[in-house]
Protein chains: 2
Amino acid sequence: MFVSTYEGAIDAKGRVSIPAPFRAALGGSNRVFVWQAPDGSGALEGGGEELMELYRETLAELPLQSPIREAIVTCIIAASADLKIDDTGRVKLPEDLCEAADLSGKIKFSGQMDSFRIWNPERFSLHQMRMRSIVNAPETLDAFATAYNRVRQRRAAAGRGEVG
Amino acid sequence: MFVSTYEGAIDAKGRVSIPAPFRAALGGSNRVFVWQAPDGSGALEGGGEELMELYRETLAELPLQSPIREAIVTCIIAASADLKIDDTGRVKLPEDLCEAADLSGKIKFSGQMDSFRIWNPERFSLHQMRMRSIVNAPETLDAFATAYNRVRQRRAAAGRGEVG
DNA sequence: TTGAGGCCCATGCGTGCCCATGATAGTCCA
DNA sequence: TGGACTATCATGGGCACGCATGGGCCTCAA
């Protein structure tokens, strides 16, 4: 589970330390995949072998000739960098990805549950501010609370007991 | 279940003892997540792995590109501190969260059923006073009583018997 | 020969772990 | 019913390990 936000830095050799909690979330594997987040946020997105396996299964659900499948394969699978984590926990980010996400010097890692993101810090604060204004809208929290209660009730019905 | 309110303090190293009943509510896990309460109350909100798992399921219910999902991921998942409880029951609160919630010295923990909150004591009393005036309004208790009776009747219909 | 990448060692700082101490409440017995 | 004992919990502080980071050397390819 990728949670929280961590600071990091790209060193003179283009190397980046993956935050230790994220390495733990990768399940001890020393392989990471990194690609451009497809939502236009300008960040990079990353995940481990487990996520890639999930993507593989997801793609298998889609018709072989569908444009959706083709687009995902091209923009995520083909566009991913397949990186090896060295024994001090670092990877070398390819230059083209760094340029695409405007990364140099200080960077931010943010957890997204199943994946994580790598940000230019300023872009991240901007994104944060935008998201905060959405969260402040009462209908956002309402919608989340409604979905949350649905999940809880489903759990309770399945006899999985209470939270906490 | 997180119930009741407890006093606490931040020590010189930025550490805070999680009240023992809340630790018990975390189910023996030594991992806590803490983030800014998204309701503008100025408190921090906290929960355990179980709550995060519920949030993960809830997010999975929401469309991948929906602004709600993105906002919650940014403002809760990414904004959370992923804290480890040491064997005396303490965590180190990150400075940015302390600043955001105006915490230093004495603090208050308040139970919220599925999660708990961490308060600046003065803000908490203010909040308490505001809430008390709302509770005093007859329509508040009416609405609560109506919902309560609906739940009781649903239970009775399901043959789950009486309230202890 | 040179530049880039992979691998290894060195270091400083943060924080996680462990010790001890003090306070409080709950229990047991006189 | 009162007092002493004990268990649990909050708190303070020291120490060492883990993590992020910097740099050197070797290898391979252009």
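In what follows, every chain begins at residue 1, and chains take the letters A, B, ... in the order their sequences are listed.
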Taking [atom1] from [X] and [atom2] from [N], how many angstroms apart are they, rounded to a whole number?
| X | N | atom1 | atom2 | value |
| --- | --- | --- | --- | --- |
| Y6(A) | dT21(D) | OH | P | 14 Å |
| I85(A) | dC19(D) | CD1 | C1' | 14 Å |
| L83(A) | dC7(C) | CG | P | 13 Å |
| E7(A) | dT15(C) | CD | P | 12 Å |
| F109(B) | dC9(D) | CZ | P | 15 Å |
| N30(B) | dT15(C) | CG | C1' | 15 Å |
| I10(B) | dA10(D) | CD1 | P | 15 Å |
| D86(A) | dC9(C) | CG | C1' | 13 Å |

Donor-acceptor pair under 3.5 Å, R15(B) side chain vs dG13(D) base: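 Counting by modelled atom types and ignoring angles, a donor-acceptor contact under 3.5 Å is found here.
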Sugar-phosphate, base or nothing in reach of D11(A), heavy atoms under 4.0 Å: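 Counting heavy atoms under 4.0 Å across all strands, the contact made by D11(A) is with sugar-phosphate only.
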Touch class at under 4.0 angstrom, heavy-atom based, for I18(B) against every strand present: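 If one applies the 4.0 Å heavy-atom cut-off, I18(B) turns out to touch the sugar-phosphate alone, with no base involved.
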Residue of the set R117(A), R130(A), R132(A) for which salt bridge (charged side-chain N to carboxylate O under 4.0 Å, His left out) holds with E70(B): R117(A)
Residue pair D11(A), R90(A): steps toward the salt bridge (Lys or Arg N to Asp or Glu O under 4.0 Å) verdict: CA-CA 10 Å; D11(A) 71 13; R90(A) 288 183 287 199; 3.8 Å; yes
Side-chain N,O (K84(A)) to OP1/OP2 (dC7(C)) below 4.0 Å: yes
Quick check for you: among [options], whose closest atom lies nearest to any side-chain atom of [X]?
| X | options | answer |
| --- | --- | --- |
| D87(B) | dC8(C), dA10(D), dC17(C) | dC17(C) |
| S17(A) | dA10(D), dA20(D), dT11(D) | dA20(D) |
| K92(A) | dT21(D), dC9(D), dG5(C) | dG5(C) |
| K13(B) | dG6(C), dG14(D), dA10(D) | dG14(D) |

Connected via hydrophobic side-chain network under 4.5 Å: F144(A) and M131(A):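 F144(A) and M131(A): separate clusters.
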F33(B): partners by ring pair (Phe, Tyr, Trp, His ring centres under 6.0 Å), with sequence neighbours left out: none
Pairwise 5' ranking along DNA chain D for T88(B) and R23(A), keeping only the more 5' one: T88(B)
Q128(B), CD: over 12 other non-hydrogen atoms inside 6.0 angstrom: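 Correct, the count exceeds 12.
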